[in-house]
Amino acid sequence: MALYDKYPVAIFNSLGKKKEKFEPINAPRVGLYVCGPTVYNEAHLGNVRSFLTFDVVWRYLEHLGYKVRYVRNITDVGHLVSDADEGEDKIEKRARLEELEPMEIVQKYTNGFHYVTHLFNLKDPSIEPTATGHIQEQIEMVKRIIDNGYGYEVNGSVYFDVKKFSEKYDYGKLSGRKVDELLEQTRDNLEGGNEKQFFADFAIWKGASENTLMKWNSPWGQGVPGWHLECSVMSTKYLGEQFDIHGGGMDLKFPHHECEIAQSVGADGTEPVRYWMHGNMLTVNGTKMSKSLGNSFLPLELVAGDHPLLDQGYSPMTARFFMLQANYRSTLDFSNEALKAAEKGYKRLMNALKSLNGLSFENQGKTDYGLDDEINKQCEQVYVEMSDDFNTPKAIAVLFELVNKINAFENNQLNLSSIKESTFDTLKKVFNSMVTDVLGLMDESDGESNKLQEVMNFLINMRDEARANKNWELSDKIRDDLSELGITLNDGKDGSSFSIN
Ligand code: ZN
């Protein structure tokens, strides 16, 4: 029996706003599409949280035995600075600012994004398609939308006709917007010169001006595809006309995902997505994380502790653990206190993992059936919680009940031989795979930071010896050379410590 049959998954479907049993169209194959970054600046922690949510969804489904194809795109053209389809392309604007080619901006921030995803141990997607790599398919989709009567051209741009669409279909079904209200906003929001017939209409092709750097030939002249179009095209190209899960941040529900549905139905008459999943925001001391409020964090600022709101640096795995302690559909508040607690929790969990793998089962003693049963039930419960819409906080809480047992075995407060050997095997298997494969937590203590600490201890001891021998030349050289590398030695009464600038 496959694990996915034993622990059937329920997903909260944003479309319909309720939990539903997950039934993939082509089980055991699963198609998962997640809106990736627009690569015009550095990803902040709020973005990381959203991608982490779907990393765990992917990991858990694979763990249950599904074969998941995970597509996460890179938006490298077509995302304009304003949601109202006006203004410059975000990437082009940044290129002018940094005096680089748009494709240099794309490469620079794509590299940066990958660096961050690897830092937080997010697995690379199966396919990472780009908008610029799928221009032809996007043009074809615009044509189908026009042919079906849901698109109109004005001055080389093509807009989706929301009013016409809503006569037959339910525009707003995902986000709960009312078309009548959106149409009413037309008078207030469409200034003279705007090409749209209605406020709710959106660009599926945007004509380019002479100064536009990125543009392609099309039946409507040179231009770029509308932002929402790439995801409609790339998701169905790689996952089929209908596929299982589409994910993204809450802020993408409207207009981005609502428009995706309209485009697919308008072009092909099919609703592409079975389950829509949306991850909630990260807040800072209760307020929304945003650049303009000065409270947005870049991942490296978090790790280095280099931010006015931080008391200290926190490791990537502490941050990963911290984010998994909240349900993905709830907002998560980011504060020093919460991060410090997460740091302790993460270490406690990883220490228990090490203890568990160091324990060896010898002879079966007198079985404590109560204890044996409790451990088996807790191992089952981790799956029950994860299968309940990927409830990581509850699954982690159960793992901590197991941590208590493991620590008691380690300290001989409980007798390991009083449980069955098969129970011990189950405990090892479930605990290891949940912590490492599903939650994706790595042991940082064996990594680079530990090596650095060892090398620094070696140099500090060497310098102490030199100073004891009054070899000032060597002791100064060690201090000065380290300083050139950006490492400062701080001498205190309990010996020297170091800090990295
Ligand atoms: Zn998208």
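Atoms within a ligand are numbered from 1 in the order they appear, just like the ligands themselves. Positions are given from 1 along the sequence. Nothing here was measured: the structure is a model prediction, and the numbers come from that model. Values reported hereafter were calculated over all heavy atoms of this structure, with side chains retained and with hydrogens, waters and symmetry mates removed.
Checked options R94, K93, R96; the residue passing with E88 is R96 (criterion: salt bridge (Lys or Arg N to Asp or Glu O under 4.0 Å)).
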Distance-only donor-acceptor pairs under 3.5 Å for side chains of residues 298-308, two or more places apart:
from, atom 1, to, atom 2, distance (Å)
E301, OE1, L298, N, 2.9
H307, ND1, L309, N, 3.1
H307, NE2, S296, O, 3.4

Donor-acceptor pairs under 3.5 Å, side chain of residues 23-38 to any protein atom, not counting sequence neighbours: which ones?
from, atom 1, to, atom 2, distance (Å)
Y33, OH, N73, OD1, 3.4
T38, OG1, H79, ND1, 2.7

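Residue-and-atom listing of protein N/O/S atoms under 2.8 Å from the Zn ion (ligand 1), sorted by chain and number: C35 SG, C231 SG, H256 NE2.
Residue pairs that meet the side-chain hydrogen bond (donor to acceptor under 3.5 Å, both in side chains) test with at least one member in residues 231-252, sequence neighbours left out, are H134-Y238, E137-K237, S232-Q263, E241-T270, H246-E260.
Salt bridge absent: K163 and D201 never bring a charged side-chain N and a carboxylate O closer than 4.0 Å.
In this structure, N391 contributes its side chain and M386 its backbone to no donor-acceptor pair below 3.5 Å.
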